[in-house]
Amino acid sequence: MAKENCGCASGKCGRRKDICATPLCGRPDVLSIYAPVIYDEIGINVCRPITIPAEVLTANPTAYCAQLEVVDITFGQGTEGIPTTTITSTTRANCSTVVLTNISLTYRVKLFDTNNNYLTSTIVTANYLPGSATSPEYTFFDSETNPESVTLELYTPYGVGFTEAGASVPEINVVGLIGGANNVANGINISAIAKAMNFDPATGTLSAGVSIVLRTIYYEAYKFEHEGKPVPPKASLNGDQNNTCLAFVESGLLSREIKPLELEPPKCEGRFKESEPACEREDGTKTVFNFCQCEQEQENPCENTAGVNMEEVSVKKEDK
């Protein structure tokens, strides 16, 4: 069996580090990330008129144009004979059929005047894909722009999500702007972007077009080549006193440069977790050196950035 070339992890570069006592400094050559990966996606466009409440228009007579932001998406419960959105398996094991129907979108409607000055905003909820003639929203049915339902097929090789353990009804995770509904999840996710058209300031009506997108997402680990950490711009705070806290506030942003483990060859840094004597540390009565200010990994974990050997310092302390 061929031996793995594990470089410094196997002790070829001098004394091996115990990263449980002293974390690695620097940046990995290849970064491993556990991230939500899109396996399949498909979208539709639907449109229907909505009306802004009369009291909002009365309070803002200079309103001239409107903008829509999708805040949340909810699914009807199928009451009164109205169907609800479903996910079903197909004869092919790696795909699922989604029937979208009876969906309500909550909008934040923002109003502006003729000079594009923001006036106010209000919340309006509108139902799309009404499902059947028994729906109270069936007035807005249109076979071309807002049909009863839409059937789509998605690639779901790892399966679909459920609301809770032991549940038998699959769910679609909503990615919106409401707390608790603003994260992606394993399985099928839904999101939407809306556009306001044909706004009539006199009546408050407008055409609310919306793009609804379904995505199959699973969290997976992948390797990436990278160019280091981004450096966010730092805001400055005004102050009159010249003290340590002020100097810190006006200095750069903190960023710990602790290196993720590269578990596979050639470095096999998972071996650093094997127990071995750690360097003797300062007892708190003297300056504590920060081992992770270095830009590159040092061969000797007991040597600090100032070039002082910590073992030597400890010996001097005992001599005194």
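Side chains are part of it too, since the values below use all heavy atoms of this structure and drop only hydrogens, waters and symmetry mates.
- A donor-acceptor contact shorter than 3.5 Å links the side chain of His226 to the backbone of Pro28.
- Applying the side chain to side chain donor-acceptor pair (under 3.5 Å) rule to pairs touching residues 87-98 yields Arg92-Glu153, Ser96-Thr156, sequence neighbours excluded.
- Hydrophobic cluster membership differs between Ile50 and Tyr138, with clusters built from Ile, Leu, Val, Met, Phe, Trp and Tyr side chains linked at under 4.5 angstrom.
- In this structure, Val71 and Tyr107 approach most closely via the heavy-atom pair CG2-C, 4.2 Å.
- Judged by distance alone, with hydrogens and angles left aside, the side-chain atoms of Ser135 form no donor-acceptor pair with the main-chain N or O of Gly131 at under 3.5 Å.
- Remark: Glu262 pairs with Lys259, Lys267 by the salt bridge (charged side-chain N to carboxylate O under 4.0 Å, His left out) rule, at least two apart or across chains.
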Extract all donor-acceptor atom pairs below 3.5 Å that involve side chains of residues 34-43 and protein atoms in other chains or at least two apart in sequence.
{"unit_1": "Tyr39", "atom_1": "OH", "unit_2": "Glu220", "atom_2": "OE2", "d": "3.4"}
{"unit_1": "Asp40", "atom_1": "OD2", "unit_2": "Tyr155", "atom_2": "N", "d": "2.8"}
{"unit_1": "Glu41", "atom_1": "OE1", "unit_2": "Arg215", "atom_2": "NE", "d": "2.8"}

- Task: Take Val175 and Ile190 through the test side-chain contact (heavy atoms from CB on, under 4.5 Å) and record every step on the way to the result.
- Result: CA-CA 6 Å; Val175 183; Ile190 188 170; over 6 Å; no
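- The side chain to side chain contact (heavy atoms under 4.5 Å, CB included) check on Ser104 picks up Thr74, Thr125, Asn127, with sequence neighbours excluded.
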- Message: Quick one, Leu177 with Asn182, criterion side-chain contact (heavy atoms from CB on, under 4.5 Å). Give me CA distance, side-chain angles, the key distance, then yes/no.
- Response: CA-CA 5 Å; Leu177 297 176; Asn182 53 3; 5.8 Å; no
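- For the pair Leu206 and Ile52, the minimum side-chain heavy-atom distance is below 4.5 Å.
- For the atom pair CD (Gln67) and NZ (Lys110), the distance works out to 5.0 Å, reported to the nearest 0.5 Å.
- Here the side chain of Asn173 pairs a donor or acceptor atom with the backbone of Asn183 at under 3.5 angstrom.
- Listed by chain and number, the residues in a ring-ring contact (aromatic ring centres under 6.0 Å, His included) with Tyr118 are Phe112 (sequence neighbours excluded).
- Remark: Tyr64 pairs with no residue by the side-chain hydrogen bond (donor to acceptor under 3.5 Å, both in side chains) rule, at least two apart or across chains.
- In this structure, NZ on Lys229 lies 10.0 Å from CG on Leu31, to the nearest 0.5 angstrom.
- No side-chain donor-acceptor contact under 3.5 Å links Ser121 to the backbone of Val109.
- At least one side-chain heavy atom of Phe141 sits under 4.5 Å from a side-chain heavy atom of Glu148.
- Contact annotation: the side chain of Ser149 never approaches that of Pro83 to less than 4.5 Å [non-hydrogen atoms, C-beta and beyond].
- For Thr120, the side chain to side chain contact (heavy atoms under 4.5 Å, CB included) test picks out Val56, Asn60, Leu111, with sequence neighbours left out.
- Taking OG1 from Thr205 and CG from Asn198, the interatomic distance works out to 8.5 Å, rounded to the nearest 0.5 Å.
- The structure places CG of Asp29 at 10.0 Å from NZ of Lys223, a figure rounded to the nearest 0.5 Å.
- Counting only residues at least two apart or in different chains, ring pair (Phe, Tyr, Trp, His ring centres under 6.0 Å) contacts with residues 171-200 are absent.
- Both Val210 and Leu152 are part of a single hydrophobic cluster, where members link through side-chain heavy atoms under 4.5 Å apart.
- With hydrogens and angles disregarded, no donor-acceptor distance shorter than 3.5 Å links the side chain of Asp142 to the backbone of Asn146.
- Put simply, Leu129 and Ile87 are part of the same group of oily side chains (I, L, V, M, F, W, Y) that touch within less than 4.5 Å, one to the next.
- No donor-acceptor pair closer than 3.5 Å links the side chain of Asn102 to the backbone N or O of Pro130.
- Side-chain N or O atoms of Thr151 include none that pairs as donor or acceptor with a backbone N or O of Val99 at under 3.5 Å.
- To the nearest 0.5 Å, atom OG1 of residue Thr85 and atom CD1 of residue Ile188 are 11.0 Å apart.
- Contacts of Asn186 classified as side chain to side chain contact (heavy atoms under 4.5 Å, CB included), with partners at least two apart in sequence or in another chain: Tyr218, Tyr219.
- Judged as a salt bridge (charged side-chain N to carboxylate O under 4.0 Å, His left out), and not counting sequence neighbours, Lys195 has no contacts.
- Contact between Cys47 and Met197 at its shortest, heavy atoms only, is SG-CE, 3.9 Å.
- Cluster membership check: Phe75 does not share its hydrophobic cluster with Ile178, using side-chain heavy-atom separations under 4.5 Å among Ile, Leu, Val, Met, Phe, Trp and Tyr.
- Listed by first and then second residue, the salt bridge (charged side-chain N to carboxylate O under 4.0 Å, His left out) pairs involving residues 115-139 are Arg48-Glu137 (not counting sequence neighbours).
- Both Phe162 and Leu154 belong to a single network of hydrophobic side chains, linked directly or stepwise wherever heavy atoms of I, L, V, M, F, W or Y lie under 4.5 Å apart.
- Looking at Ile212, Ile103, Ile172 one by one, the single match for side-chain contact (heavy atoms from CB on, under 4.5 Å) with Ile73 turns out to be Ile103.
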- Verdict with reasoning, Asn189 to Leu214, per side-chain contact (heavy atoms from CB on, under 4.5 Å): CA-CA 6 Å; Asn189 293 255; Leu214 293 173; over 6 Å; no
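- A 4.5 Å side-chain heavy-atom check between Leu100 and Tyr128 finds every atom pair outside the cut-off.
- The side-chain heavy atoms of Glu269 and Leu24, taken from C-beta on, include a pair separated by under 4.5 Å.
- The main-chain N or O of Ala202 is found under 3.5 Å from a side-chain atom of Asp200 such that the two form a donor-acceptor pair.
- Every residue was checked against the ring-ring contact (aromatic ring centres under 6.0 Å, His included) condition with Phe140, not counting sequence neighbours, and none meets it.
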- Message: Determine whether Asn45 and Ser211 satisfy the following criterion, side-chain hydrogen bond (donor to acceptor under 3.5 Å, both in side chains), listing intermediate values before the conclusion.
- Response: CA-CA 5 Å; Asn45 284 340; Ser211 294; 2.5 Å; yes
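- Nearest heavy atoms, Pro201 versus Leu57: O-CD1, 3.9 Å.
- Counted within 6.0 Å of CD1 on Ile193, heavy atoms from surrounding residues, nucleotides or ligands total 12 or fewer; the atom is thus considered open.
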- Item | Residues Thr86, Val98; criterion side-chain contact (heavy atoms from CB on, under 4.5 Å); working and verdict | CA-CA 6 Å; Thr86 60; Val98 179; over 6 Å; no
